[in-house]
Amino acid sequence: MTDEKLDQILKQALAPEIDDSEIRIHKRRKDKMGIFKKIGTGVAAAVAAAVLGVGGLGYFNPVLAAKIPLIGKIFEKVEEDATYSGDFSDKKTVLTKEDAAGNLDTSDYTVSDKGITLTASEAYCDGYSIFLTVNIESEDADFTHIPRHYTGMNIADDKTAAGFYIDGKWRVDGRSDEWLENTFDGEVIDSHTFAGMLKINLAEKHAGSGELSLTVNGLGYDDDTMIGGEEISASHWTEGSWNITIPFEVNETDVKTIEVGEKKGNITLEDVVVSPYQVIVHAGWSYEPCSTICFNQDGEMLHPDMEMAGRAVFAVQGKEIKTLYVYIFDNPDDWSLMAQEGMNSSIADRAVISKEIYVE
């Protein structure tokens, strides 16, 4: 997508509430966060605003420090507005321990460097992704100027979260390193405290228990006071070393895999995984990449997060999923038009594969 096209989309979606300087910010955030990897040039304005995030619509007043302890309760704090929202209360594993006096012992999951302390709090794994919550503290920072971005499909969803960038690598059970690509979705608690959720997609299905090793070498965040500046994306960036190992258990409760095995042209729809917080469409292609879009039985489009060779990922965001309608296009512009027009779009006929999948 060209910068000019992105300008048009943002202006169409947000005018007159957002000005050109803020649009430049969102373009830079797009480059940093890589969210538009798969969206074609004709993407709907509402979808662009939802996926990219537009803090310019309402820079927020930070909440006061939580009255309840954050450690061990971060899912509870961020789960409503994070991209992968939902109730984690009966599925999460709390990492911290309590001593005999009932005090929290976070020493095994806390690392500090360059004045920033990162504490891992809770974990959940559905076998395909690890969802990890963290608490980030810095006495020298002012997190209250981190802008919020949209995490829902539409502005009317009123779902927004603050974001915190992370750079480094991860690995599971000593396997080869993978790059950290996502950011923390979360909440500014006070000037010095940020609580967020990180989602890491596993290269292959995991069973039983395991260990996630994070090797973090950079942390940063945007600053809405620098709107007129050349660069606000990760304008507060700190390089350092925050290495931590987190145990996790795979929780297969409410995780379903529906085998499909349908092939048309160069595309094969292998299976669909439905977990409490995400839908994963496993599809392969022999040459040109494909673009996948999903709707539920009520015609609601699922939030598209990322698509790569063999896998397209969507956030459930509390939607009921009894039946899935999966459309796979070999032209990204067709995907974009269907995102605008919805499940009943005439463009559906151009899908290489269109499949109704019964889940419940």
Side-chain angles (χ1 to χ4, degrees), residues 13 26 29-39 43-44 46-55 57-58 60 74-89 91-92 121-126 128-134 136 146-166 170 180-188 194-202 221-222 233-234 255 273-281 292-296 300-308 311-321 339:
H26 302 315
R29 186 175 294 123
K30 174 208 69 171
D31 295 335
K32 288 281 185 180
M33 301 179 75
I35 293 192
F36 273 89
K37 290 178 182 177
K38 65 177 281 295
I39 298 181
V43 65
V47 175
V51 177
L52 177 62
V54 282
L57 280 181
F60 68 112
I74 293 178
F75 272 131
E76 180 181 332
K77 188 70 178 173
V78 305
E79 64 189 9
E80 290 187 9
D81 290 324
T83 300
Y84 287 88
S85 54
D87 184 359
F88 286 80
S89 59
K91 295 183 174 62
K92 68 180 182 180
S121 176
E122 305 141 289
Y124 164 76
C125 179
D126 60 4
Y128 297 88
S129 301
I130 299 171
F131 300 76
L132 174 69
T133 64
V134 300
I136 300 174
I146 299 177
R148 298 177 74 87
H149 58 274
Y150 284 115
T151 58
M153 278 305 303
N154 301 290
I155 293 174
D157 292 342
D158 195 30
K159 284 171 57 67
T160 62
F164 214 103
Y165 299 107
I166 180 172
W170 64 271
L180 281 166
E181 296 179 340
N182 292 349
T183 61
F184 293 111
D185 259 359
E187 295 286 335
V188 173
F194 177 92
M197 179 196 306
L198 176 71
K199 177 176 179 281
I200 293 174
N201 297 313
L202 302 174
Y221 54 94
D222 296 349
S233 291
V255 179
V273 177
V274 181
S275 89
Y277 316 106
Q278 67 177 337
V279 168
I280 305 172
V281 177
T292 307
I293 192 167
C294 288
F295 300 86
N296 70 356
E300 297 175 302
M301 180 178 165
L302 301 190
H303 189 294
D305 186 23
M306 60 173 292
E307 184 158 7
M308 61 180 64
R311 179 175 58 192
V313 183
F314 304 84
V316 171
Q317 299 191 327
K319 293 180 176 66
E320 185 178 36
I321 299 180

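Quick caveat, the model's predicted, so the values are computed rather than measured.
- Listed by chain and number, the residues in a side chain to side chain contact (heavy atoms under 4.5 Å, CB included) with Val273 are Tyr128, Val255, Thr257, Asp271, Ile280, His282 (sequence neighbours excluded).
- Taking all atoms of both residues into account, the shortest heavy-atom contact from Asp126 to Gln278 is OD2-NE2, 2.7 Å.
- Scored by the salt bridge (Lys or Arg N to Asp or Glu O under 4.0 Å) test, Glu300 finds no partners at all (sequence neighbours excluded).
- Note: His149 NE2 to Thr83 OG1 = 5.0 Å, rounded to the nearest 0.5 Å.
- In summary, the aromatic rings of Phe131 and Phe75 are positioned with their centroids too far apart to meet the 6.0 Å limit.
- Checked against salt bridge (Lys or Arg N to Asp or Glu O under 4.0 Å), Lys199 has no partners two or more places apart in sequence or in another chain.
- Residues passing the ring pair (Phe, Tyr, Trp, His ring centres under 6.0 Å) test with Phe164, sequence neighbours excluded: Phe143, Phe194, Tyr221.
- Glu79 approaches Ser89 most closely through the heavy-atom pair OE1-N, 4.4 Å.
- Scored by the salt bridge (Lys or Arg N to Asp or Glu O under 4.0 Å) test, Lys319 finds no partners at all (sequence neighbours excluded).
- Every side chain to side chain contact (heavy atoms under 4.5 Å, CB included) that Glu320 has, sequence neighbours left out, goes to Gln297, Lys322.
- Nearest heavy-atom pair across Ser121 and Ile74 is CB-CD1, 3.7 Å.
- Within the 4.5 Å cutoff, side-chain heavy atoms of Pro276 are placed close to those of Tyr124.
- Although no hydrogens or angles enter the test, the distance criterion places no donor-acceptor pair under 3.5 Å between the side chain of Glu181 and the main chain of Asn201.
- Counting heavy atoms from C-beta on, the side chains of Ser85 and Glu80 never come closer than 4.5 Å.
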